[in-house]
There are 2 protein chains.
Amino acid sequence: MMKERTLHHDLDAREMTRLRAFQCIREAGQISRTDIAKALNSSPATVTSACGALLEAGLIRDVEAERTDATQRGRPRVMLEVNGEALAVAGIKVARHAIHVTVVDFKGVEIGSHLSPLAASCMPAEALVMAVRQALDDACEKLGLSLDAVAGVALGLPGFINGETGFMHWSSSVRERNVDFMPLFARHLPCPAFLENDANLVAKAEQFFGAGRGLRNFLVVTIEHGVGMGIVQDGQLYRGERGCGAEFGHMKVQFEGAVCQCGQRGCLEAYVGDYALIRDASVGRQGDAYKSLTDILDAARAGDRLSGEVLERASKVLGVALASLVNLFDPEHIVIARLRPRFDEAHTQAMLDALKRNTVQVDAPLPGITVRNLDQKMWARGAAAHGIERVSILKIRARGDQDAA
Amino acid sequence: MMKERTLHHDLDAREMTRLRAFQCIREAGQISRTDIAKALNSSPATVTSACGALLEAGLIRDVEAERTDATQRGRPRVMLEVNGEALAVAGIKVARHAIHVTVVDFKGVEIGSHLSPLAASCMPAEALVMAVRQALDDACEKLGLSLDAVAGVALGLPGFINGETGFMHWSSSVRERNVDFMPLFARHLPCPAFLENDANLVAKAEQFFGAGRGLRNFLVVTIEHGVGMGIVQDGQLYRGERGCGAEFGHMKVQFEGAVCQCGQRGCLEAYVGDYALIRDASVGRQGDAYKSLTDILDAARAGDRLSGEVLERASKVLGVALASLVNLFDPEHIVIARLRPRFDEAHTQAMLDALKRNTVQVDAPLPGITVRNLDQKMWARGAAAHGIERVSILKIRARGDQDAA
DNA sequence: ATTTATTTTTTTGCCCGCTGAAAAAAAGCT
DNA sequence: AGCTTTTTTTCAGCGGGCAAAAAAATAAAT
């Protein structure tokens, strides 16, 4: 059996129809069968049968008919929605000093969260997996939940992760390189496990809950210590050939430019990543270097020239790099998510200006831009979203097996 | 009817199977039914019926059984191939000073070519279409071919062309902006017409005849006056949301860098495009500026310092930009095609070194790289390839209609 | 209250492509 | 000639999707 490129492999035609119907329902929140038929471009009969299977499986349910104000004649439509109580899914993100766990219901509504401190920011794979398992157990206990009630766990790691194969090429949180992480992880869990690159998780979060709803072709850029990106094309994460593309942070913005933490020169990250700003703004302040971005922002607001210039320059460089992305990908939308300190409006504006000025002009509207603050919970939420998606595929496939039996 | 994203719309399941079989045969050159079944992952019965339809339509034919040396028992396999004589297709490329026409048979074998000089490098759309039609007529006459024998014409234009809709946002060859070019073009032709961005055509040529055969995920970069790119993902041209992405030439490689012909700063084109090299190498030679890249190459070989440095720098910048591409797209393969003057091995090597040094390291093999000289005929050949693809879709759909009748 | 109109949903029967199995075809080998 | 091997074709059956019809549920009209 050859290795398939999509995650929808081994779903037959009928299961694909069910999955599409399910995803349509999830995306819409609430939707009637007729509208699903329109959205899927298929017949009502097909939708009825697909939804019948989903209802029987308990994955969706019909919702109490809301009294519509618009006085409608005819048989009232029955709205369908994802049955939140059907399943619980855990999303886990490994950060530098903590493991974030969030447990959501099948609709993506948060049941609860938990944060486990992490002793070391980099440890052996085996130890990390144990720590993750412990964090999950703690979270379940805190929420009064049995681990058996969790239908799937999705884990997000920084670094070069092939989400399709579950192979970890490199991660800043793991001592070893080239670990076949997925089996290791799955061995310590009583339920299906999924692995994904952390920037891709933010993309998933946007697709499920944010600016990416209903879009099929968008980019999500994350800016924190480093710079990451998730690419959604045709509604699916684009992973590249080896499963580790989308390294926007290491796109070169300056020939023979500043040194990046990856050892190369001119990477975007070396101009707009947190560590780069701290480095640049601290020049000439030996012994009194800034500790965090917040310090720099405060200094700039207090009138410090260098800090202001560093921030302005970073904004412009980021805008130019984003313009390159637009020129290359021509996406429908871009989400720019920056962690922690809320930037001044002026910086955002400088970034957007640079973006606009450096985009190839086509007399067609620019892609939509969303600038948002990225909070720590987004990753775990994205992991949960990813988990929901993967588990729903499993559940729909499982139904098929039962039918056959 | 909503606008579909793929070119395979309105092909039903059976037609899709036929198309896939046809494409498999075209890609393989010669292949037996059993091997097609393996390649398409479907049953021999299905392949027989699909090929039956294709045979009946005359699109393919079975080839005289080649005596295999390996003494094989059993019923000898019947090899199928595209029936070259089935149809003729014309590929046309509008260049700055000429219109290239190439007519190929359905297998892509060149029947003949023609080159019509073009008075002006930029003219009104209407006039350009007339000139193209004239060039096509001339080519047919020269080849002793009736225009009726041409089943389709594919036209390549430089600029921002939406190949899907046939809309021209901007082209250096056309006076007006935002012309709905396709209908205009089709009105002057007795056969189906197709339009495409010229860099995408080179990608098509590589996919059909070159390094892209059998690959589903590769990039083709063209370097001439400007720099272009074609993106093939999952076997299809990636066009972006507005149909005019892949502007590699306007990816920014230097913050506030050299001025590009597009008016912006720091574009790759402004460092490696022909005009940029001529500009840079001619500094300080007022009245004695270089006229062409060849001059610069000659000067460098003769020991001119500046020319050598300009070439070396361009090679390095290109390598770095390509590394950014790899980091973003993680493709299976990259084809780098440079027009006209064959560069010295040293420059190619400098480019590849820079590419390698600036690629994010993953302990996984780098994408394959093909460096080739791009000759003028590639565009027209690519246009022809594009035409073949589009015409085969039309023909397969047409069969369906006949069946229905 | 009953009927009519309207809209959504379900049921039913049919069509059609794909498939597996078996048959047929076309060789080579003995 | 008979057996083996491999490819190709035939054929019956399965199963998904769809159009049409039926059913259901309501508003408006009489």
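Only this structure's heavy atoms are used, side chains among them; waters, hydrogens and symmetry mates stay out. All chains are named by letter (A, B, ...) in the order of the sequence lines, taking the proteins before the strands, and each is independently numbered beginning at 1.
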Hey, is the side chain of A:T46 poking within less than 4.0 Å of OP1 or OP2 on D:dC18, counting only N and O atoms? yes
Given C:dA26, D:dG17, C:dT9, which nucleotide is nearest the side-chain atoms of B:P76? C:dA26
On DNA chain D, check which nucleotide each of A:G74 and A:S43 is closest to and give me the residue with the more 5' one. A:S43
C:dC16 P sits how many Å from B:E15 CD, rounded? 13 Å
Whole-Å distance separating the CZ atom of A:R75 from the P atom of D:dA27: 14 Å
Within the structure, does a side-chain N or O atom of B:T34 lie under 4.0 Å from either OP1 or OP2 of D:dT8? yes
Taking the six-membered ring of A:F208 (Phe, Tyr or Trp), confirm whether the NZ or CZ of A:R213 is under 6.0 Å from its centre and within 45° of its axis. no
Whole-Å distance, B:L80 CG to D:dT8 P, equals 8 Å
Which nucleotide in the set D:dT8, C:dT19, C:dG17 lies at the smallest distance from any side-chain heavy atom of B:S42? C:dT19
Could you tell me if the side chain of B:C24 sits less than 4.5 Å from the side chain of B:I31, heavy atoms only? yes
Selection from C:dG17, D:dT9, D:dA25 that lies nearest to any side-chain heavy atom of B:R33: D:dT9
Give A:S49 one of three labels, base, sugar-phosphate or nothing, depending on what nucleic acid heavy atoms sit under 4.0 Å from its own. nothing
Between B:I231 and B:R239, is any pair of side-chain heavy atoms under 4.5 Å apart? no
If you look at every strand shown and take non-hydrogen atoms under 4.0 Å, does A:V47 touch a base, only sugar-phosphate, or nothing? nothing
Given side chains that start at C-beta, do those of A:R61 and A:E85 come closer than 4.5 Å, heavy atoms only? yes
Would you indicate what A:A45 reaches in the nucleic acid, counting non-hydrogen atoms under 4.0 angstrom: base, sugar-phosphate, or nothing? base
Which nucleotide sits closest to the side chain of B:P44: D:dT9, C:dT7, C:dG17? D:dT9
What's the closest nucleotide to the side chain of A:R73 if the choices are D:dT10, C:dT9, C:dT6? C:dT6
Quick one: A:M79 CE to C:dT9 P, roughly how many Å, whole number? 9 Å
Find the distance B:R14:CZ to C:dC16:P and express it as a whole number of Å. 8 Å
From CG of A:L19 across to P of D:dG16 the rounded distance in Å is 15 Å
Atom-pair distance (CG on A:D12; C1' on D:dC14), nearest Å: 12 Å
B:A203: what forms a side chain to side chain contact (heavy atoms under 4.5 Å, CB included) with it, not counting sequence neighbours? B:V220, B:V232, B:L237
Taking the nucleotide of DNA chain D with the nearest heavy atom to each, does B:D35 or A:A13 sit closer to the 5' end? B:D35
OP1 or OP2 of D:dT9 versus the side-chain N and O atoms of B:T48: is any pair under 4.0 Å? yes
Does any part of the side chain of A:D330, heavy atoms only, come nearer than 4.5 Å to the side chain of B:Y238, both counted from C-beta? no
Roughly how many Å is it from CE in A:M16 to C1' in C:dG17, rounded to a whole number? 18 Å
